[in-house]
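To start, the structure itself, in structure tokens.
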Amino acid sequence: MPHDHAHDDHAHSLLPSDPALRVKALETILVSKGLVDPAAMEVILDTYERKVGPHLGAALVARAWADPAFAAALSDNANAAMQALGISGRQGEHVVAVENTPATHNMVVCTLCSCYPWPLLGIPPGWYKSDAYRARAVREPRKVLAEFGVTLPAGQSVRVWDSTAEVRYLVIPMRPEGTEGWDQTRLAALVTRDSMIGTGLPHPADAP
Amino acid sequence: MSRPHDMGGRKGYGPVAPEPDGIARPAAPWHRTALALTLAAGGIGAWTIDRSRHVRELLPDYARLSYYEKWLAALADLLVEKGLVTRAELAAGRADPAPLSPRAFTAEKVAPALARGTPYLRPGPAPAFATGDRVQTRSPAENAHMPGGHIRLPGYAAGKTGQVILSHGCHVFPDTNAHGLGEVPEPLYTVAFRSADLWADAESPADEVTLDLWQSYLAPA
């Protein structure tokens with residue numbers, strides 16, 4: 001197999017193969033060498049376990065639903081619109097918001113790895129990183145949608161965005177009927193993580 | 001050549017299993033450490049995202065490893081490749097104590113660095129294509145600068161015809177950047193392909209798949 005330098009010997013095979021032991025060995029080595037600060041690891045975990053998650057994307061979507069000028073700004077330059085809500089960062093440097101319409105349903109995948117808009121949705125769920133999703137989303141999106149309980153109306157086409165570069169896609173789902181006059185907090189509660197990946201739909205207005 | 005990471009369109013997989021809404025929960029405690037350790041080590045700045053992707057792709061057991069197992073194996077390989085850790089240290093599972101390196105991603109650097117990210121937009125050549133143009137992707141999907149090297153054109157989209165729908169300016173070119181051959185920015189486009197033009201057995205022929213593709217992957221169609 002063609003290879004470039006340095007990897008024919010795969011240094012990682014020197015470590016224990018059990019992943020829990022492997023990560024412990026790497027952590028021990030890096031911390032004792034002064035290359036990793038354990039306090040930094042805690043800040044990283046606090047960020048992605050408590051602060052950054054789909055509630056941020058939901059706030060953006062709710063504002064777009066409630067404020068047509070913001071929706072237009074989001075469509076024109078998503079990163080500038082995100083800045084207005086204090087959202088930016090790693091794996092979301094170049095965001096494009098794609099709006100669902102009665103004619104087109106959007107859905108996002110990364111077939112080559114697991115690219116995902118972290119600052120808006122947090123760490124990707126396990127299924128997004130699975131071989132099955134990566135393989136199937138581009139070939140049979142409607143079957144995949146059915147596994148999420150989503151059946152699209154006749155006449156609505158599917159556009160699957162395979163994130164092959166550093167552009168990250170956020171799906172703006174259609175605003176549920178019966179939400180006229182709702183404030184942004186109430187609207188945001190309808191927006192699920194999966195509805196912003198395109199494998200789900202927002203909760204309906206009359207959801208319990 | 002074998003490209004185990006290039007999964008788009010492969011057959012033989014079972015159903016996708018949805019998960020509860022909200023912030024994704026780690027499936028095992030070691031996943032948390034793998035995430036934090038990989039990001040903390042990445043914060044040293046010794047490698048690019050393109051290099052780290054390629055090192056993951058080169059793992060001989062890629063298809064067998066879970067997501068965070070790929071991260072850990074590639075992290076070990078990168079640390080040795082960049083001279084930060086020795087093979088003897090990996091084999092021993094320990095290293096001589098040293099004070100915190102000035103290169104380390106210290107706690108106070110984390111929030112600003114995560115918020116800043118690593119933008120890939122660069123000055124570069126004017127785009128050769130405009131939105132609406134028909135383009136054909138090159139085939140086979142192989143790196144033109146490094147035999148067997150990193151490339152972001154999936155095999156299922158090689159040699160296919162689509163339409164430019166977005167133009168993103170010039171972005172760092174992974175095919176060179178992953179191999180230390182420079183950023184060599186190129187115009188980046190989103191190209192839409194009809195399902196019927198990608199798959200012989202298209203599920204719904206008028207559906208579309210879009211890909212983000214660099215200019216040198218494309219020719220006028």
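Convention: sequence-line order gives letters A, B, ...; per-chain numbering from 1.
Both the backbone and the side chain of B:Leu211 have a heavy atom closer than 4.5 Å to some heavy atom of chain A. Heavy atoms closer than 4.5 Å to chain A are found nowhere in B:Leu65, neither backbone nor side chain. Interface remark: B:Pro26 contributes side-chain atoms only to the contact with chain A (heavy atom separation under 4.5 Å). The parts of A:Pro141 that come within reach of chain B are both its backbone and its side chain, each placing non-hydrogen atoms under 4.5 angstrom from that chain. Heavy-atom distances place no part of B:Arg56 under 4.5 Å from chain A, backbone and side chain included. Heavy-atom distances place the side chain of B:Leu79, and not its backbone, under 4.5 Å from chain A. Neither the backbone nor the side chain of A:Val109 comes within less than 4.5 Å of any heavy atom of chain B. Only the side chain of B:Ile165 comes within less than 4.5 Å of a heavy atom of chain A; its backbone N, CA, C and O stay farther away. Proximity to chain A (any heavy atom under 4.5 Å) is shown, for B:Ala27, by neither the backbone nor the side chain. Proximity to chain B (any heavy atom under 4.5 Å) is shown, for A:Pro19, by both the backbone and the side chain. B:Tyr67 touches chain A through its side chain: at least one heavy atom from C-beta onward sits under 4.5 Å away, while N, CA, C and O do not. Of the two parts of A:Leu30, only the side chain, counted from C-beta on, holds a non-hydrogen atom closer than 4.5 Å to a non-hydrogen atom of chain B. Looking at A:Val36, both its backbone and its side chain come within 4.5 Å of chain B, counting heavy atoms on both sides. Of the atoms belonging to A:Ser13, not a single heavy atom falls under 4.5 Å from chain B. Looking at B:Pro99, only its backbone comes within 4.5 Å of chain A, counting heavy atoms on both sides. Both the backbone and the side chain of A:Thr192 come within less than 4.5 Å of a heavy atom of chain B.
Of residues 151-158 of chain A, those residues with a non-hydrogen atom less than 4.5 Å from any non-hydrogen atom of chain B are, in numerical order, A:Ser157, A:Val158. Heavy-atom proximity under 4.5 angstrom to chain A picks out B:Leu188, B:Thr190, B:Ala192 from residues 185-197 of chain B. Contact annotation for residues 72-88 of chain A against chain B (heavy-atom separation below 4.5 Å, listed by residue number): A:Ser88.
Panel note: side chain A:Glu93, backbone B:Gly117; no donor-acceptor pair is recorded below 3.5 Å. Within the 3.5 Å criterion, the main-chain N or O of B:Tyr120 finds a donor-acceptor partner in the side chain of A:His94. In terms of modelled atom types and a separation under 3.5 Å, the side chain of A:Arg134 and the main chain of B:Met7 share no donor-acceptor contact. Although no hydrogens or angles enter the test, the distance criterion places a donor-acceptor pair under 3.5 Å between the side chain of B:Glu203 and the main chain of A:Lys143.
In terms of heavy-atom pairs under 4.5 Å with chain A, the best-connected choice from B:Pro20, B:Pro60, B:Ala63 is B:Pro60. Taking chain A as the reference chain and counting heavy-atom pairs below 4.5 Å, the highest number among B:Arg116, B:His171, B:Arg94, B:Arg103 is found for B:His171. Contact count versus chain A (heavy atoms, under 4.5 Å) is highest, among B:Ser66, B:Ala17, B:Ala73, for B:Ala73. Most heavy-atom pairs under 4.5 Å with chain B: of the set A:Cys113, A:Ser195, A:Ala146, this distinction falls to A:Cys113. Of all the listed residues (B:Gly9, B:Ala206, B:Gly43), the one sharing the greatest number of non-hydrogen pairs under 4.5 Å with chain A is B:Gly9. Interface remark: of the candidates B:Glu89, B:His168, B:His31, B:Arg152, B:Arg152 forms the most heavy-atom pairs closer than 4.5 Å to chain A. Ranked by non-hydrogen atom pairs under 4.5 Å with chain A, the options B:Thr118, B:Ile44, B:Asp6 are led by B:Thr118.
Side-chain contact check for B:Asp212 and A:Tyr169: at least one donor-acceptor pair (N or O, by modelled atom type) lies under 3.5 Å.
With contacts defined as side-chain heavy-atom distances shorter than 4.5 Å, the pair B:Lys11/A:Arg139 qualifies. Residues B:Ile23 and A:Ile123 are not in side-chain contact: their nearest non-hydrogen atoms beyond the backbone lie 4.5 Å or more apart. No side-chain heavy atom of A:Thr111 sits less than 4.5 Å from a side-chain heavy atom of B:His5. B:Val80 is not listed as a side-chain neighbour of A:Leu14, based on a closest heavy-atom distance of 4.5 Å or more. Counting only heavy atoms from C-beta outward, the side chains of B:Thr33 and A:Lys24 never approach each other to under 4.5 Å. Between A:Arg142 and B:Ser204 there is a side-chain heavy-atom pair separated by less than 4.5 Å. In this structure, B:Thr210 and A:Arg159 have side chains that are in contact, with non-hydrogen atoms separated by less than 4.5 Å. Here the side chains of A:Leu35 and B:Phe105 are not in contact, with every heavy-atom distance at 4.5 Å or above.
In terms of heavy atoms, B:Gly93 sits closest to A:Ile29 at C-CG1, 3.8 Å.
Annotation: side-chain hydrogen bond (donor to acceptor under 3.5 Å, both in side chains) contacts of A:Glu166 (sequence neighbours excluded): A:Arg168, B:Arg53.
A salt bridge links B:Arg32 with A:Glu49: the distance from a Lys NZ or Arg NE/NH1/NH2 to an Asp or Glu carboxylate oxygen falls below 4.0 Å. Under a 4.0 Å N-O distance rule, the pair A:Asp37/B:Lys109 does not qualify as a salt bridge.
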Begin with the C-alpha distance, continue with both residues' side-chain angles, and end with the deciding distance and a verdict on salt bridge (charged side-chain N to carboxylate O under 4.0 Å, His left out) for A:Lys33 and B:Asp96.
CA-CA 7 Å; A:Lys33 288 195 84 168; B:Asp96 292 333; over 6 Å; no
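Considering NE2 of A:His12 and NZ of B:Lys70, their distance stands at 12.0 Å, rounded to 0.5 Å.
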